[in-house]
2 protein chains.
Amino acid sequence: MTDMTFTRIQCDSCPIRHRAVCARCDDDELALLEAIKYYRSFEPGQTIVWSGDQMDFLGSVVEGIATLNQTMEDGRTQMVGLLLPSDFVGRPGRGTAAYDTVAATKLTMCCFRRAPFEELMVRTPHIAQRLLEMTLDELDAAREWMLLLGRKTAREKIASLLVIIARRNSTGTKATPTDGAHFDLPLTREATADYLGLTLETVSRQISALKRDGVIVLEGKRGITVPDFHRLIEETGDDTDGGVLV
Amino acid sequence: MTDMTFTRIQCDSCPIRHRAVCARCDDDELALLEAIKYYRSFEPGQTIVWSGDQMDFLGSVVEGIATLNQTMEDGRTQMVGLLLPSDFVGRPGRGTAAYDTVAATKLTMCCFRRAPFEELMVRTPHIAQRLLEMTLDELDAAREWMLLLGRKTAREKIASLLVIIARRNSTGTKATPTDGAHFDLPLTREATADYLGLTLETVSRQISALKRDGVIVLEGKRGITVPDFHRLIEETGDDTDGGVLV
DNA sequence: CGAACTATTGAGTGTTCTCAATCCATGTGG
DNA sequence: CCACATGGATTGAGAACACTCAATAGTTCG
């Protein structure tokens, strides 16, 4: 089940050292985490935990992308979280998963067994502080997403997603990527539809429309180039000048 | 601007003492909060802070309901938070409001100036712990809301909102209210529409439809009676047995 | 009593969904 | 090595749900 590629990386050289839940830890604290951590890998499409299942670990996404999904009785599903490297998985104090957690790409996670981690959290305010900060950021992202789901048109939804992906891909910061930026859409059309509250057909149609209108250029199924980034931002319906868009 | 009704209530006798951000504080810690707190009141419709404005205080809703709203350039608005008594307002570490915060009803808040509160937070882990827990709960609520916005029909959205209001009103817990439960919808049709990602006309039509179908009984514009609560839950599209619905 | 606001209801439109066919790339077994 | 199955994506046609525009009704308040 767990194919260890990151078998024993030192936290010092970890790519998410300064953004993950451990970001504020000093060397001593890091040593404690180092002692209880282990890595797990997942293949694209693999489910990490099912909603309602026992979840005996918590952890951080190190590489790749995971999604949190909610499903209704009749099968309608909505993505409620898009987890990128450094994002935290699981909820301290709750042993049961509230959502399906699925690897969207090849995925590596840095995991901690629940009990030792929660015990460590009590004694290490730096971890709880960082987790609070990250949770507040996620709440902001969720609220931005609510505006998208409740009020944006299909075209605006697609454009918004492309901007989010492009921003995260380009520099790791929120800075505006350069014109001509190229990236891969890490989600299938179906996953994209679940993210945006659309059907996969509508996603496909709107991507085709943006291509037809010259807003984006496609390379294969997943590759996307944005000739004029400002033009794409205008398509999102958001404030064109520095609106907060996580 | 601030009409003091709760001029000087002791924290001991505060109605939200055991659910708000102060819930875990011991007597000493409570005394420190008591020393820096002050009350503010707002009238229905009054805006507490505008998005982008300086926000020099944080606090808890004591009585009444407030909403967090996001607006697009062209005027489309989406509610992204519904704040009930004990809910926390503002984000530690950020001096600028991210959303419009509006009193939906007559509202009383227990406020703390930003600087002293943030300083206190550093020295009082019980406050940060509770705030983390509350933020995680809000994130769960936001994700439930995302499912509603992205995947539910107008009728399901209305039914879901009624269930949420009824649950919060009945016992303060998540328990299922009794059949025949009566409550007032604390939002105008327009605010309801902004909550649900609908137009106010659609809200009105769906409420009429639920009434016509005998799912609810209306008393005036705002009063609602639910003769068969299970029937209402079925209309939400959610799992009928104990699905988590905040 | 009229103004302002909130809510209801109607008619027609339109965006998105549903159902369905086709295409393409990849991988597998005869 | 080809035939075929599989999964992802695109495109079309028609239907449905929610929206827009508009008229009307009920409440509250001056």
Side-chain angles (χ1 to χ4, degrees), chain A residues 43-46 67 72 74-78 102 104-105 148-162 184-213 216-224 235 237, chain B residues 43-46 72 74-78 102 104-106 148-162 184-213 216-224 235 237:
Chain A
E43 292 303 309
Q46 197 179 345
T67 66
M72 294 172 68
D74 61 5
R76 282 175 280 177
T77 75
Q78 173 67 51
V102 181
T105 63
L148 178 150
L149 290 172
R151 293 304 188 193
K152 290 191 177 181
T153 65
R155 186 180 174 102
E156 288 170 341
K157 286 178 174 181
I158 297 286
S160 299
L161 175 63
L162 295 180
D184 281 330
L185 193 59
L187 303 173
T188 65
R189 295 289 183 265
E190 187 178 17
T192 305
D194 286 344
Y195 184 109
L196 300 173
L198 297 171
T199 58
L200 68 88
E201 295 94 330
T202 298
V203 170
S204 189
R205 273 186 252 275
Q206 294 299 333
I207 289 180
S208 297
L210 286 173
K211 171 187 166 194
R212 182 173 352 101
D213 297 344
I216 58 176
V217 179
L218 301 184
E219 279 106 39
K221 304 291 185 193
R222 300 291 190 83
I224 291 177
E235 296 284 356
Chain B
E43 293 303 310
Q46 195 179 346
M72 295 172 67
D74 61 6
R76 282 176 280 177
T77 74
Q78 174 65 52
V102 181
T105 64
K106 215 163 169 349
L148 178 150
L149 290 173
R151 293 304 187 193
K152 289 191 177 180
T153 64
R155 187 179 173 102
E156 288 169 341
K157 286 177 173 182
I158 297 287
S160 300
L161 175 63
L162 294 180
D184 281 330
L185 192 60
L187 303 173
T188 64
R189 295 290 183 265
E190 187 178 17
T192 304
D194 286 344
Y195 184 110
L196 301 173
L198 298 170
T199 58
L200 68 89
E201 294 95 328
T202 298
V203 170
S204 189
R205 271 186 254 274
Q206 294 298 333
I207 289 179
S208 297
L210 287 173
K211 171 188 167 193
R212 184 172 354 112
D213 297 343
I216 58 176
V217 179
L218 302 184
E219 279 106 37
K221 302 293 184 190
R222 299 291 189 84
I224 291 178
E235 295 284 356

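Lettering follows sequence order; numbering is per chain, from 1.
- For B:Arg155, the side-chain hydrogen bond (donor to acceptor under 3.5 Å, both in side chains) criterion is met by B:Asp213, B:Glu235, not counting sequence neighbours.
- To the nearest 0.5 Å, the span separating CD1 on B:Ile158 from CD on B:Glu156 amounts to 11.5 Å.
- In this structure, A:Arg222 places its CZ atom 14 Å from C1' of C:dT26, rounding to the nearest Å.
- Closest to the side chain of A:Thr202, from the set D:dT11, C:dT16, C:dT9, is C:dT16.
- Following rounding to the nearest Å, A:Ile207 (CD1) and D:dG8 (P) show an atom-to-atom distance of 15 Å.
- Distance B:Glu156 CD to D:dC17 P: 11 Å, rounded to the nearest Å.
- When each of A:Lys211 and A:Arg151 is assigned the nucleotide of DNA chain D with its nearest heavy atom, A:Lys211 is the one assigned upstream, toward the 5' end.
- The CG atom of A:Leu148 sits 8.0 Å away from atom CG of A:Leu161, with the distance rounded to the nearest 0.5 Å.
- Between D:dT11 and A:Ser208, a contact under 4.0 Å exists linking OP1 or OP2 to a side-chain N or O.
- Among the protein residues, A:Thr188 comes within range of the sugar-phosphate backbone only, with heavy atoms under 4.0 Å from sugar or phosphate atoms but none that close to a base.
- For A:Ala154, whose side chain is taken as the heavy atoms from C-beta onward, the closest listed nucleotide among C:dT16, C:dA7, D:dA9 is C:dT16.
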**Message:** Would B:Arg189 and B:Ile207 count as a side chain to side chain contact (heavy atoms under 4.5 Å, CB included) here? Give the steps.
**Reply:** CA-CA 10 Å; B:Arg189 295 290 183 265; B:Ile207 289 179; 3.8 Å; yes
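- Under the side-chain contact (heavy atoms from CB on, under 4.5 Å) criterion, A:Lys221 pairs with no residue at all, not counting sequence neighbours.
- For the side-chain hydrogen bond (donor to acceptor under 3.5 Å, both in side chains) test, residues two or more places apart in sequence or in another chain that qualify with B:Thr77 are B:Asp194.
- Summarising the geometry, the separation between CG on A:Leu187 and C1' on D:dG7 is reported as 16 Å, rounded to the nearest angstrom.
- Annotation: the span from B:Leu187 atom CG to B:Leu196 atom CG amounts to 9.0 Å, rounded to 0.5 Å.
- Taking OG1 of A:Thr188 as the start and CG of A:Leu200 as the end, the distance is 8.0 Å to the nearest 0.5 Å.
- Counting only distance, with no hydrogens or angles, the side chain of A:Arg151 and the backbone of B:Leu198 share a donor-acceptor pair below 3.5 Å.
- Within the 3.5 Å criterion, the main-chain N or O of B:Val102 finds no donor-acceptor partner in the side chain of B:Gln46.
- A 4.5 Å side-chain heavy-atom check between B:Leu218 and B:Ile224 finds at least one atom pair inside the cut-off.
- Spacing between atom CZ of A:Arg155 and atom P of C:dG14 amounts to 18 Å, rounded to whole angstrom units.
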**Asked** If the sugar-phosphate is the primed atoms plus P, OP1 and OP2 and the base is the rest, what is the B/S/- string for nucleotides 22-30 of chain D, using protein heavy atoms under 4.0 Å?
**Response** ---------
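- Residues of residues 191-199 of chain A having a heavy atom closer than 4.0 Å to DNA chain D: none are found.
- For the atom pair CG (A:Leu185) and OG1 (A:Thr192), the distance works out to 4.5 Å, reported to the nearest 0.5 Å.
- Axis angle across the helix from C:dC1-D:dG30 to C:dG30-D:dC1, with five pairs used at each end and values rounded to 10°: 20°.
- Here the C1' atom of nucleotide D:dA16 and the CD atom of B:Gln206 are 13 Å apart, to the nearest Å.
- Following rounding to the nearest Å, A:Arg76 (CZ) and C:dT16 (C1') show an atom-to-atom distance of 15 Å.
- Spacing between atom CZ of A:Arg189 and atom P of D:dT11 amounts to 10 Å, rounded to whole angstrom units.
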